Amino acid sequence: MVNRPELPNKPLIEALFEYKWKIPDDKIDSNYQLFVGKLYNKLEAQYPFYQPLDLSAFPPGIVKYQVAHRFRKAENIWPIVQVGHGVVTLNNDHNYTWPDFEKRIYELFDSIYSTYPEPAGLQVQSMSLRYRDAFDLQKDEEALIYMKKYLKSEIKLPNSLFDDASIASNPKIINSFVVYDVLEPKGQISLKFSSGMHNNVPSLIMDTCFSSQSNELTNIPHNFKDWLNSAHQLTDSWFFKLIDGELLEGFSNAK
């Protein structure tokens, strides 16, 4: 793996690791409520500030695979751990560094298996590693032109569609999503470009994610470190290949 220095001016909005465990249809995990309490107790030294989310007021069977509880060091401080009926996540903001995030993922993963009341019965549903980045657009800068110029990516429609002068050739909204199979480790890598706002600035949002489903994950938890290492290598490689050039130079310079 290429050892890359951290970018002092990186475009990262959020990094996210997600672990989901299987819950049969129309069933409730009877261990869930106890698990939330035990996981919080395990992580309290690092994430003592507890926030019940809106979904925590609903019965677990209604909000399967959606986060309902949040643990963090202090109010509005990242990183955060989130838990729901069948799902645990670790999230960090632009202060992310991979060595710290990797360490926290390992600690969280070990805590899941050490605090779940029946760890032998845990069956992984899916795992994913996701990054969301924001590229600020200058005034009147077109997102499609930015993608092609700086990110080596192109969304192109036939020019004949815009022969009618009443149709603007520059899209008002972008929402492009592609998914590719990965053979090793088994899973999918996805790339999404969308228009949006970041810090009140019009931006191009890029979402890069590697995920594996239950039938693609073998010998978990024992093979977890191999999976995480491969997931990071792949998403990291794609990001740096996409920004290589002028963007990389800019992100490498301190503000």
Side-chain angles (χ1 to χ4, degrees), residues 14-72 79-92 101 104-132 177 179-182 185-190 192 207 209-228 230-232 235:
E14 183 178 22
L16 181 150
F17 165 73
E18 181 184 77
Y19 172 94
K20 290 181 178 179
W21 72 92
K22 287 185 179 181
I23 301 175
D25 294 340
D26 302 322
K27 299 289 185 180
I28 295 176
D29 185 344
S30 59
N31 291 309
Y32 169 62
Q33 299 289 6
L34 179 58
F35 168 61
V36 173
K38 292 183 68 175
L39 184 64
Y40 176 68
N41 290 338
K42 177 79 171 180
L43 300 174
E44 187 176 6
Q46 282 188 290
Y47 311 97
F49 189 82
Y50 169 68
Q51 291 178 287
L53 304 179
D54 291 342
L55 292 180
S56 65
F58 290 84
I62 298 178
V63 289
K64 190 182 298 185
Y65 300 125
Q66 299 182 64
V67 296
H69 309 272
R70 180 176 293 159
F71 315 145
R72 61 199 321 162
I80 60 177
V81 171
Q82 300 184 115
V83 188
H85 189 215
V87 59
V88 179
T89 76
L90 176 67
N91 310 59
N92 205 354
F101 198 60
R104 291 177 184 273
I105 291 174
Y106 287 149
E107 292 171 345
L108 176 60
F109 187 81
D110 289 343
S111 296
I112 292 171
Y113 280 84
S114 65
T115 60
Y116 188 80
E118 299 178 36
L122 268 180
Q123 297 182 19
V124 61
Q125 173 80 12
S126 65
M127 297 192 303
S128 61
L129 182 65
R130 180 186 303 271
Y131 296 91
R132 296 182 67 239
F177 184 59
V179 182
Y180 300 92
D181 283 329
V182 179
K186 291 184 178 180
Q188 298 78 41
I189 187 166
S190 63
K192 179 180 179 180
D207 186 309
C209 178
F210 178 77
S211 62
S212 298
Q213 305 303 309
S214 57
N215 63 318
E216 298 165 323
L217 294 163
T218 58
N219 203 18
I220 300 295
H222 301 293
N223 287 344
F224 175 68
K225 288 189 175 182
D226 290 339
W227 179 91
L228 182 61
S230 296
H232 176 249
T235 52

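The analysis underlying the following values was restricted to heavy atoms, covering all of them including side chains, and did not include hydrogens, waters or symmetry mates. Throughout, numbering of the chain's residues begins at 1 and tracks the sequence. Predicted model only: the values in this text are computed from it and were never measured.
- Using a 4.5 Å cut-off on side-chain heavy atoms (C-beta onward), Phe210 and Pro185 make contact.
- Contact annotation: the side chain of Ile220 approaches that of Phe109 to within less than 4.5 Å [non-hydrogen atoms, C-beta and beyond].
- Ring pair His69/Tyr50 is parallel by interplanar angle, where below 30° counts as parallel and above 60° as perpendicular.
- Using modelled atom types, one side-chain atom of Tyr40 and one backbone atom of Pro48 make a donor-acceptor pair closer than 3.5 Å.
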Can you give each donor-acceptor pair under 3.5 Å made by side-chain atoms of residues 58-65, sequence neighbours left out, with the distance rounded to 0.1 Å?
residue	atom	partner	partner atom	Å
Lys64	NZ	Pro24	O	3.1
Tyr65	OH	Trp21	O	3.2
Tyr65	OH	Ile23	N	3.0

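- Considering only heavy atoms from C-beta on, Phe224 comes within 4.5 Å of Met127 through its side chain.
- Around atom CZ of Phe177, more than 12 heavy atoms belonging to other residues, nucleotides or ligands sit under 6.0 Å away.
- Proximity of a side-chain donor or acceptor of His85 to a complementary backbone N or O of Asp29 within less than 3.5 Å is detected.
- The closest side-chain heavy-atom distance from Ile112 to Phe35 is below 4.5 Å.
- Residues satisfying the side-chain contact (heavy atoms from CB on, under 4.5 Å) criterion with Val67, sequence neighbours excluded, are Leu53, Gln82, Val87, Thr89.
- Within the 4.5 Å cutoff, side-chain heavy atoms of Leu228 are placed close to those of Tyr106.
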Requested in this report: Begin from the C-alpha positions of Val124 and Trp227 and carry the test side chain to side chain contact (heavy atoms under 4.5 Å, CB included) through to its verdict.
Outcome: CA-CA 13 Å; Val124 61; Trp227 179 91; over 6 Å; no
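- For Arg72, the salt bridge (charged side-chain N to carboxylate O under 4.0 Å, His left out) criterion is met by no residue, not counting sequence neighbours.
- When each of Asn31, Thr115, Val83 is tested with Val36 by the rule side-chain contact (heavy atoms from CB on, under 4.5 Å), just one qualifies, namely Val83.
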